[in-house]
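Just so you know, residue 1 is the first one in the sequence shown, and it goes up from there.
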Amino acid sequence: MPEPSRIAHLRITLDDTESAIWRTVEVPLSASLKLLHEVIQAAMPFQDYHLFQFHEGAVRYAIPNPEWPDGNTRNAKTTKLGALVDRGATAFAYTYDFGDNWQHTVTVEEVGPADLDVAYPRFLDGARRAPPEDVGGTMGFEKFLEAVNKLRHPERKRMLEWYGGPFDPEGLDRGTIEAGMAKLARRRAIGQAAFAKSRR
């Protein structure tokens, strides 16, 4: 089956949180790891302020920095998700923000044919709200949750002002997630159409 017609059903789990924060998405195997990074950003959602990397076995994938050559890093822009899956990868690691160090496990739950009536990538489901950007990693997130969820906590007002409003850890902003995913799907469709036109 040609690669563009194959879809991976992925489960993305944020590691080391007391209650599981997870998302499921469908992504074409023809997608680059850079696009998969953008899918994860939209699905959590994060704001894509920071660097990222994937690890599969001993191999690291990221955006190479020409000022800091690294022969051990492969380019996430040119590596396809299908390359990992076809090598037999069933799970791999994704890290976002090397300061807060948000580590995720990406599990390949299923690979199958695409639905021609569906625009990919696609968000399917998830649970719980992702941590705010720059909250201070796992420990900072735990302190943030404790502060905002206790009415008499001395840091509650400051934390809510820093965040910009109320924070419901059980909430899943499906509308924002689906809007972000739709934007990626539209961009991918435009790119595919432009590529097809160039080949005529």
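Side-chain atoms of Arg23 come within 3.5 Å of backbone N or O of Ala43 as a donor-acceptor pair. The main-chain N or O of Asp48 is found under 3.5 Å from a side-chain atom of Gln41 such that the two form a donor-acceptor pair. Formation of a donor-acceptor pair under 3.5 Å by the Asp100 side chain with backbone atoms of Val135 is found in this model.
Distance CZ/Phe123 to CD1/Ile177: 4.5 Å, rounded to 0.5 Å. To the nearest 0.5 Å, the span separating OH on Tyr94 from CH2 on Trp102 amounts to 12.5 Å. To the nearest 0.5 angstrom, Thr90 atom OG1 is 11.0 Å from Leu84 atom CG. Here Thr78 contributes atom OG1 and Asn75 contributes atom CG; the two are 4.0 Å apart, rounded to the nearest 0.5 Å. Going from atom CZ of Arg188 over to atom OG of Ser32 covers 10.5 Å, rounded to the nearest 0.5 Å. Expressed to the nearest 0.5 Å, how far CZ of Phe98 lies from CD of Gln103 amounts to 10.5 Å.
Salt bridge status for Asp125 with Arg11: absent, with no side-chain N to carboxylate O gap under 4.0 Å. One finds a salt bridge joining Arg158 and Glu155 here, because a Lys/Arg side-chain nitrogen approaches an Asp/Glu carboxylate oxygen to under 4.0 Å.
Between Arg122 and Pro28 there is no side-chain heavy-atom pair separated by less than 4.5 Å. For the pair Thr13/His104, no side-chain contact is recorded, criterion being any heavy-atom separation below 4.5 Å from C-beta on. Under the 4.5 Å side-chain criterion, counting only non-hydrogen atoms from C-beta, His153 is in contact with Glu146.
Side-chain atoms of Arg60 and Thr73 include a donor-acceptor pair closer than 3.5 Å. In this model, no donor atom of one side chain and acceptor atom of the other lie less than 3.5 Å apart for Thr138 and Asp16. Side-chain contact, Glu133 with Tyr96: a donor N or O sits under 3.5 Å from an acceptor N or O. When only modelled atom types and interatomic distance are considered, His50 and Asp134 share a side-chain donor-acceptor pair under 3.5 Å.
A cation-pi arrangement is not found for Arg128 relative to Trp22, the charged atom failing to lie both closer than 6.0 Å to the ring centre and inside a 45° cone about the ring normal.
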Run Glu56 and Arg87 through salt bridge (charged side-chain N to carboxylate O under 4.0 Å, His left out) and show every step you take.
CA-CA 10 Å; Glu56 195 274 310; Arg87 283 204 305 270; 3.2 Å; yes

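The aromatic ring centroids of Phe144 and Phe167 lie less than 6.0 Å from each other.
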